[in-house]
Amino acid sequence: MIKILVIHGPNLHQLGKREPQVYGRTSLAQINQAIEKLAKSKKAKVVIKQSNHEGEIVDLITKNKIKFDGILINPAAYTHTSVAIRDAIAASGIPTVEVHLSNIHSRETFRHKSLISPVARGTILGFGPNSYLLGLEALIDLIDHK
Ligand code: DQA
């Protein structure tokens, strides 16, 4: 059975309440339910974590190296700043898909650059909560066809 680690970065625990004009009204719990449902239909297992701490995210990626076939990550604000998370993904060798709810390229210029994209197999952004589901599907497909 394919095992996927899903990581939600900082402030995503506030989804639904946080800047709903940008991120919508769907809560993280609702997104996680949809992720679980899709994973089940694809006969994959997901472990879902949210962290506001850069080092904790590094630990999640590197300490789980043996257990997971793929990583689905929304690095949130760390997308634009974290060499540490980028290096952890690169070092893990685990196929990783980066997702964002919003289209970071249509927002402030400081969000246009992702330090994570060059080490991700692919990126899906701008589709709200559906970005996670599209990303999960793409990740499972790519692991299946490896
Ligand atoms: C985000 C975009 C980031 O720029 C922002 O810091 C977030 C969420 C998104 O999903 O659209 O926290 O990753």
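Read the numbers this way: they start at 1 and go in the same order the structure lists the ligands and their atoms. The structure displayed is predicted, hence computed values, not measured ones.
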Identify, by atom number and element, the atoms of ligand 1 in contact range of [X], meaning under 4.0 Å from any of its heavy atoms.
| X | result |
| --- | --- |
| Leu101 | 9 (C), 10 (O), 11 (O) |
| Arg18 | 7 (C), 12 (O) |
| His80 | 3 (C), 4 (O) |

Residues in side-chain contact (heavy atoms from CB on, under 4.5 Å) with Val119, at least two apart? Arg86, Ile89, Ala90
Please check whether [X] reaches ligand 1 - meaning an N/O of the residue sits under 3.5 Å from an N/O of the ligand, judged on distance alone.
| X | result |
| --- | --- |
| Arg111 | yes |
| Arg107 | no |
| Ala77 | yes |
| Leu12 | no |

Protein heavy atom at shortest distance from atom 11 (O) of ligand 1: Ser102 OG, 2.6 Å
Starting from atom 1 (C) of ligand 1, which protein heavy atom do you reach first, and at what distance in Å? His100 ND1, 3.7 Å
Identify all side-chain donor-acceptor contacts of residues 34-44 below 3.5 Å with residues at least two apart in sequence or on another chain.
unit_1: Ser41; atom_1: OG; unit_2: Leu38; atom_2: O; d: 2.8

What pair of heavy atoms forms the shortest contact from Ser92 to Ile61, and how long is it? CB-CG2, 4.0 Å
Note: Ser114 and Pro118 closest approach over all heavy atoms is O-CD, 3.5 Å
Per side-chain contact (heavy atoms from CB on, under 4.5 Å), Ile2 is matched among Val46, Asp144, Leu139 by Asp144
May I ask whether Tyr23 places a heavy atom under 4.0 Å from ligand 1? yes
Heavy atom of Asn11, distance to ligand 1 below 4.0 Å: no
Is it the case that the ring center of His8 lies less than 6.0 angstrom away from the ring center of Tyr132? yes
Mind checking whether His105 and His112 have parallel, tilted or perpendicular rings, split at 30° and 60°? tilted
For Val22, which part has a heavy atom under 4.0 Å from ligand 1: side chain, backbone, both, or neither? neither
Give a yes-or-no answer on whether the side chains of Gln50 and Asn52 include a donor-acceptor pair shorter than 3.5 Å. yes
